[in-house]
Amino acid sequence: MKIKERIVLAKVPKGTNDILPEQIDCWYYLENKTREVLQNYGYREIRTPAFEHTELFVRGIGETTDIVQKEMFTFQDRKGRSLTLRPEGTAPVVRAYLEHNLGRENPLSKLFYIGSMFRCEKPQAGRYRQFNQFGAEAIGSPLPVIDAEIIAAALSIYKQLGLTDLKLMLNSVGCRKCRPQYLKALKDYFGEKREMLCVDCRQRYEQNPLRILDCKKEKCQLVIKKCPSIFEYLCEDCANHFNTLRNCLDNIGITYQINPLLVRGLDYYTKTAFEIVAEELGAQNAVGGGGRYDYLVEELGGKSTPAVGFAAGMERILETMLKQGIRIPVWDGIRVFIAVTSQEQVVTALSIANQIREKGISAEMDFLGKSLKSQMRTANKLQVPYVLILGSEELKENKVTIKDMVNGVQEEISLNDILAYLKKAYF
RNA sequence: GUGGGCGUAGCUCAGUCCGGUUAGAGCACUGGAUUGUGGCUCCAGUGGUCGUGGGUUCAAAUCCCAUCGCUCACCCCA
């Protein structure tokens, strides 16, 4: 094959990554801890397809959101139906909840997922086109105590992973009743000062004034600083919800920072909105976030059902773990290497290797016809604690040499004693 | 979509400013250092159209133009 062709063929698409064997232990560790913690909190795993009908996301996430407007991987199937690779996990979970009537079995469904999400953005640090998230959704309860629980579950995962110095940011974005009034107040406020806002914010002013609060531009910040606070406009229900949530969090020892400017990019949030940030990460510093979405189930065709959820970015978590120097347990590696002194013994070697493997001990041998010296080098590179050396002399007497690679000592043992010897070494 | 930085061996990079032997180093990889034995050391070897295309020149990794890729930031998010 020509070099030029190889350059294109042997290259991942932009914004995607291979996870190589040397990195896989991190992923196992993260996934296992996540499952463990979420199951302890009573959440059950659900797996939904990697793609859905486009309409699900348009309706669920919101037409005016950046995700829907410019970040979705949308394509047509052969019959012209529009499908989209899932850009987030909540809408698919709610879809599955409705499709399988999970609410009928159980008035409260506690579900979690782990999987890849897809967004067609320009990649940068901590942002990829295919990335992995885990998340949890509690569908069916309007009570603030479930908000507190799901926040606690998220924080517990980070804690179990050994992460420190994470900040929980908390806000309420109101509901159908009170948010329109706040939006009107924002419009009134920003309307007078429109000249001082950036181009993007003038656009946001028309589409979704709440988003202006998120703008990081200095001149906008000056205006935002003095804008009306959401907390002056929350209705009684929302205010009570928020206060009770705070009370719950205080009581279980979770510290948080109230940030009235915290606005999430998905339209479905109501009442509680939160974000968990790690300062190490720089520009893309959110390792997780979530909130309540009391209208989403209804929006997707179900009956009115309150719900709350969160999602976390797994690449960002691993990145933070790396920056915080957290050690991750790795695979033990191969325990026994079977070396041969000549090719006549390879079949015997294969047979012995399989016997060892069937007892649950990992074993490896040479498949390249290498010299004994070179096999020993391979064994050493694998950091194998024991090497079995099959020599013609010993085999005549049904014996093999077993070498302890740590202290370099070797002895001859009978073929029948191999398993007993290894078992003694490992159990 | 907008801007900045960077593309030389599998990896980390030197060489580029100021054009001039056959493009280098370390690590990694392969083999060897007396019969069938790893690590340390020593020796040798494999590996590069210097991202790609064009231009200037007697001569280009080096200068100019274009293009692609990577990366960081903005926007937004995980």
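Quick note on labels: first sequence line is chain A, next is B, and so on, each numbered from 1. All figures in this text were calculated on a predicted structure; none of them were measured in a lab.
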Query raised in the report: Watson-Crick or G-U wobble partner for B:rG1, using a 3.5 Å limit on both distances?
Result: B:rC74
Query raised in the report: Are A:R95 and A:E52 close enough for a salt bridge, meaning some N to O gap below 4.0 Å?
Result: yes
Report summary line: With sugar-phosphate taken as primed atoms, P, OP1 and OP2 and all else as base, the protein-contact string of nucleotides 32-37 of chain B at under 4.0 Å (heavy atoms; B, S, -) is BB--BB
Query raised in the report: Is the shortest heavy-atom distance from the side chain of A:E412 to the side chain of A:V400 under 4.5 Å?
Result: no
**Report entry** Rounded distance in Å - CG (A:L20) to P (B:rC11)
**Finding:** 12 Å
What pairs of donor and acceptor atoms, side-chain ones from residues 62-72 of chain A against any protein atom, are under 3.5 angstrom apart with sequence neighbours left out?
unit_1: A:T64; atom_1: OG1; unit_2: A:D267; atom_2: OD2; d: 3.2
unit_1: A:T65; atom_1: OG1; unit_2: A:G62; atom_2: O; d: 2.7
unit_1: A:T65; atom_1: OG1; unit_2: A:V68; atom_2: N; d: 3.4

Report summary line: Paired with A:R127, the salt bridge (charged side-chain N to carboxylate O under 4.0 Å, His left out) test is passed by just one of A:E315, A:E121, A:E319, namely A:E121
**Report entry** Aromatic contact, A:F112 with A:Y43 (centres under 6.0 Å)
**Finding:** no
Query - Evaluation steps, side chain to side chain donor-acceptor pair (under 3.5 Å), between A:E394 and A:T401 - result: CA-CA 8 Å; A:E394 298 99 305; A:T401 300; 2.7 Å; yes
**Report entry** For atom CZ of A:F274 and atom P of B:rA78, their distance in whole Å
**Finding:** 11 Å
Query raised in the report: Using purine N1 to pyrimidine N3 plus N6-O4 or O6-N4 for Watson-Crick, or N1-O2 and O6-N3 for G-U wobble, both under 3.5 Å, which nucleotide pairs with B:rC40?
Result: none
Query raised in the report: Contact class for A:G135 vs. all strands (heavy atom < 4.0 Å): base, sugar-phosphate, or nothing?
Result: nothing
Query raised in the report: Does atom NZ of A:K167 have more than 12 heavy-atom neighbours from other groups under 6.0 Å away?
Result: no
Report task. Could you measure between the two C1' atoms, the one in B:rU67 and the one in B:rG10, and give it in whole Å? Result -> 27 Å
Query raised in the report: Watson-Crick or G-U wobble partner for B:rU67, using a 3.5 Å limit on both distances?
Result: B:rG51
Query raised in the report: Given atom CD1 of A:I114 and atom P of B:rA78, what is their separation to the nearest angstrom?
Result: 17 Å
Query raised in the report: For the pair made of CG in A:D18 and C1' in B:rC11, what is the distance, rounded to whole Å?
Result: 16 Å
Donor-acceptor pairs under 3.5 Å, side chain of residues 18-25 of chain A to any protein atom, not counting sequence neighbours: which ones?
unit_1: A:Q23; atom_1: OE1; unit_2: A:L20; atom_2: N; d: 2.7
unit_1: A:D25; atom_1: OD1; unit_2: A:W331; atom_2: N; d: 3.4
unit_1: A:D25; atom_1: OD2; unit_2: A:W331; atom_2: N; d: 3.3

Requested in this report: Would you please indicate if the ring centroids of A:Y256 and A:F274 are separated by under 6.0 Å?
Outcome: no
Requested in this report: Pick the C1' atom in B:rC27 and in B:rA14, then give their distance to the nearest Å.
Outcome: 15 Å
Query raised in the report: Any ion pair linking A:R47 and A:E45 (charged N to carboxylate O, less than 4.0 Å)?
Result: yes
Report task. Please tell me which of A:I276 and A:K70 maps to the more 5' nucleotide of RNA chain B, matching each residue to the nucleotide holding its nearest heavy atom. Result -> A:K70
Requested in this report: For A:F131, check ring-ring contact (aromatic ring centres under 6.0 Å, His included) against everything at least two apart and list the hits.
Outcome: none
Produce the list of close N/O pairs, under 3.5 Å, pairing protein atoms with atoms of nucleotides 68-73 of chain B; give distances to one decimal.
unit_1: B:rC70; atom_1: OP2; unit_2: A:K14; atom_2: NZ; d: 3.1
unit_1: B:rC72; atom_1: OP2; unit_2: A:A125; atom_2: N; d: 3.1
unit_1: B:rA73; atom_1: OP2; unit_2: A:Q124; atom_2: NE2; d: 3.4
unit_1: B:rA73; atom_1: OP2; unit_2: A:A125; atom_2: N; d: 3.4
unit_1: B:rA73; atom_1: N7; unit_2: A:Q124; atom_2: OE1; d: 3.4

Report task. Starting at atom CG of A:D66, determine the distance to atom P of B:rA78, rounded to an integer number of angstrom. Result -> 11 Å
Query raised in the report: What integer distance in Å separates A:L368:CG from B:rG31:C1'?
Result: 14 Å
**Report entry** d(CZ, A:F337; P, B:rG39) in whole Å
**Finding:** 14 Å
Query raised in the report: Touch check for A:A379, heavy atoms < 4.0 angstrom, all strands: base, sugar-phosphate only, or nothing?
Result: nothing
Report task. Taking the six-membered ring of A:Y295 (Phe, Tyr or Trp), confirm whether the NZ or CZ of A:R176 is under 6.0 Å from its centre and within 45° of its axis. Result -> yes
Heteroatom pairs (N/O) under 3.5 angstrom, protein to nucleotides 26-29 of chain B:
unit_1: B:rC29; atom_1: OP1; unit_2: A:K381; atom_2: NZ; d: 3.3

Query raised in the report: Does a side-chain heavy-atom distance below 4.5 Å link A:K184 with A:L186?
Result: no
**Report entry** Residue matched to B:rC11 through Watson-Crick or wobble contacts both under 3.5 angstrom
**Finding:** B:rG26
Report task. Quick one: label A:E121 by what it contacts on the DNA or RNA (base, sugar-phosphate, nothing), any heavy atom closer than 4.0 Å. Result -> base
**Report entry** A:N380 or A:I67, whichever maps to the more 5' nucleotide of RNA chain B
**Finding:** A:N380
